[in-house]
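The structure under discussion appears below in the form of structure tokens.
So you know, we letter chains A, B, ... as the sequences are listed, proteins then strands, and number each from 1. Scope of the values below: all heavy atoms of this structure, side chains included, with no hydrogens, waters or symmetry mates.
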There are 2 protein chains.
Amino acid sequence: MKITINDIAKAANVAKSTVSKVLNDAPSISEATKEKVRAVMREMNYEPSSLATRLAKQKGYNVGLVIDLSRQSDFLNASFYDIIGGVESVIGPLDYELTICNIEHVGRERFVSRFVLGRKVDGLIMDNSILTPELAGELNGLKFPYVSIGEIPGMASLCWVDINNRRGAAMLTSHLLARGYSNPAFIGGERGDPMFEARVAGYRDALATDEIRGKKAAEAGPLVPSGIVLPGYANEANGRRLVRELLALPNVPDAIICMSNLVAFGALEELRGRGVSIPDEMGVATFDNRPLAPFTTPPLTCLDMDTFALGAAAGEMLMAQINEAEAAPVSRRRWVEPKLAVRRSTEKEMT
Amino acid sequence: MKITINDIAKAANVAKSTVSKVLNDAPSISEATKEKVRAVMREMNYEPSSLATRLAKQKGYNVGLVIDLSRQSDFLNASFYDIIGGVESVIGPLDYELTICNIEHVGRERFVSRFVLGRKVDGLIMDNSILTPELAGELNGLKFPYVSIGEIPGMASLCWVDINNRRGAAMLTSHLLARGYSNPAFIGGERGDPMFEARVAGYRDALATDEIRGKKAAEAGPLVPSGIVLPGYANEANGRRLVRELLALPNVPDAIICMSNLVAFGALEELRGRGVSIPDEMGVATFDNRPLAPFTTPPLTCLDMDTFALGAAAGEMLMAQINEAEAAPVSRRRWVEPKLAVRRSTEKEMT
DNA sequence: TTGAAAGCGATACCAT
DNA sequence: ATGGTATCGCTTTCAA
């Protein structure tokens with residue numbers, strides 16, 4: 001037998017509206033009755049039904065994290081716990097909870113009506129593989145709060161958070177150049193993927209603004225001004241293959257930036273197999289610290305993405321939107337800055 | 001303006017109770033009205049409020065996955081996405097949803113009242129670092145459905161699922177013995193941790209039942225019948241340290257079973273540093289495929305834990321309990337069988 | 001087969 | 001400062 005607000009009211013000899021006010025710590029209730037009612041609640045081990053509260057308040061205190069279990073994701077596999085932790089760290093203290101919404105069986109079409117119209121959640125967090133521009137438009141139209149994890153370039157009205165991949169790629173590239181590598185290549189990733197494009201852009205930013213590289217050009221032979229970019233689905237096999245391609249180039253690069261840990265692993269293996277010494281003959285760096293970067297031979301210099309901060313940023317933006325009514329209009333995009341983790345794979349002897 | 005069951009009733013010219021029955025596909029309603037009402041619902045883009053439904057039905061259609069973000073967990077970091085996927089794959093089709101319950105701020109004390117008495121969830125899934133025996137007893141007393149991920153040895157009444165660590169350890173050990181290693185040691189893990197104890201037990205099971213080992217004993221010198229077990233918190237540093245201890249033993253083992261990927265990584269590094277060749281002079285095997293086993297040098301033979309299946313098993317047991325009223329009493333524990341992934345680290349030349 | 005009315009467990013407005 | 005009552009959106013008897 002669950003005990004309800006009525007039981008408390010009866011036991012404390014007050015109206016249930018009074019009990020409700022005590023629950024919400026209304027200033028209109030005297031300290032005396034508050035204490036009396038609270039004592040009864042404690043004694044009867046009362047806990048308000050969150051369902052009833054939420055129905056009455058017309059507010060779900062609930063945000064959904066949308067995932068699609070039908071598609072594999074290296075990124076989510078490595079970072080899901082962190083992302084959830086980040087989100088939870090901001091919504092939890094605000095008394096919101098997080099529910100996992102799997103759209104695998106629901107389908108992209110009906111999922112808006114399921115979660116949004118069904119008022120299961122007050123806001124949605126999802127990644128940019130799920131949040132298509134059309135979907136975002138629909139949510140915008142409904143004025144329904146949402147945040148994408150992962151940028152959606154171009155559309156000004158959309159709301160997202162992302163790691164600053166462009167700046168990160170520039171940091172990584174600059175590190176290589178400062179380290180004495182003059183001709184870094186970029187391998188892995190797919191054209192059209194915003195993350196790939198952002199990283200390539202950052203890579204080129206760094207190449208374009210580097211003076212040392214200009215001076216080295218003479219000794220090192222002809223350098224491609226805009227760098228060498230070899231795309232390919234980010235797995236180990238392509239890491240190997242793309243390294244072979246690099247080594248067959250007329251101007252072989254002296255460093256490699258890899259799109260992912262798996263690409264980097266394949267690259268390291270291929271280089272080792274061919275007797276290319278790392279970091280002396282070839283520097284290698286990668287994006288992401290997890291799962292492998294600290295544990296390869298040699299350990300990989302990488303750009304460490306703070307996925308907890310990413311989740312937290314998403315949570316903050318979402319909560320800002322949910323409470324937007326009374327607040328100033330919120331900014332609709334936010335970068336989380338990555339940081340460089342320097343390891344042996346780029347420790348070239350300085351000349 | 002959200003549209004409700006009343007709007008549908010009005011538009012379809014029926015009572016709202018009729019609409020409700022259509023929603024639940026009650027047999028007492030004629031096909032004709034059902035179709036009529038459904039047409040209206042479609043047209044008005046109606047979606048029932050899950051909050052109201054759940055309050056009225058006195059059922060949350062919601063299970064909680066309890067985590068404690070204040071404590072780091074290598075296991076959860078590597079497997080959280082899989083576990084959630086497994087749970088979701090069974091509860092989703094039953095129209096239950098999964099909410100994340102972080103007890104970091106709630107505290108172990110108040111969390112039962114928060115989630116259980118507050119009827120936020122119909123059942124709880126948590127790991128055995130959170131589900132203390134006292135807590136389990138409390139939940140048992142309340143007849144509240146829950147499942148622990150990770151065994152809780154001893155208590156017969158408790159409900160859990162786990163990877164069959166004992167059998168798995170025996171498989172791994174037997175593999176080494178069959179491969180020609182005669183004196184495998186076990187390193188890493190902490191006394192008192194059920195997972196450690198189960199694995200050590202399995203390791204000893206395999207040693208005890210092996211005949212080949214008996215024959216080898218003569219050539220190999222004195223073997224410790226119950227094996228060599230060196231515990232230690234499962235990280236890289238201890239992997240290195242424990243290997244040093246092993247190498248200093250009077251009867252140096254010819255194979256090592258590691259409690260975790262990190263221990264194994266440390267072990268590999270230390271062995272390499274000392275010029276011990278793997279797998280010829282020393283075989284190395286580990287538990288868990290992720291995150292490193294396929295990517296070390298040489299790649300590690302491991303026991304691959306199916307964490308998706310683990311999550312699914314937890315989901316199934318929980319749902320069974322939730323629906324226990326009308327069903328037969330459910331079994332209260334279940335093993336998920338791991339499988340061996342053989343790689344180069346144990347490919348000793350057979351003699 | 002359908003409808004009217006009483007819950008489910010809280011909140012919120014209006015009296016007192 | 002407190003109490004009475006309508007309400008949130010749906011389910012569920014019980015009549016008709």
What is the separation between atom [atom1] on [X] and atom [atom2] on [N], rounded to the nearest whole Å?
X	N	atom1	atom2	result
B:K57	C:dA6	NZ	P	22 Å
A:N6	C:dA6	CG	P	16 Å
A:L23	C:dG9	CG	C1'	11 Å
A:L51	C:dG7	CG	P	20 Å
A:R54	D:dT7	CZ	P	24 Å
B:L55	C:dT11	CG	P	12 Å
A:K2	C:dG9	NZ	P	10 Å
B:M41	D:dC10	CE	C1'	13 Å

Measure from the side chain of A:S17, starting at C-beta and using heavy atoms only, and say which of D:dC10, C:dT11, D:dT5 lies closest.
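Ranking D:dC10, C:dT11, D:dT5 by closest atom to the A:S17 side chain puts D:dT5 first.
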
_Given C:dG9, C:dT11, D:dG9, the nucleotide with the shortest approach to the side chain of A:T53_ =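 Among C:dG9, C:dT11, D:dG9, the one nearest the side chain of A:T53 is C:dT11.
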
*Counting just side-chain N and O atoms, does A:Q58 come under 4.0 Å of either OP1 or OP2 of D:dG9?*
yes

>> Test side-chain contact (heavy atoms from CB on, under 4.5 Å) on B:N77 and A:D82; report intermediate values, then the result.
In response: CA-CA 7 Å; B:N77 253 308; A:D82 272 354; 4.0 Å; yes

Does a distance-only test, which skips hydrogens and angles, find a donor-acceptor pair under 3.5 Å between the side chain of A:S20 and the base of C:dA10?
no

Quiz item: Quick one: does B:K21 reach the base of C:dG3 with a side-chain donor-acceptor pair under 3.5 Å?
Solution: yes

Comparing nearest nucleotides in DNA chain D, the 5'-proximal residue of the pair A:K16, A:E31 is A:E31

For B:N62 and B:E97, which I'm curious about, is there any donor-acceptor pair between the side chains at under 3.5 Å? no

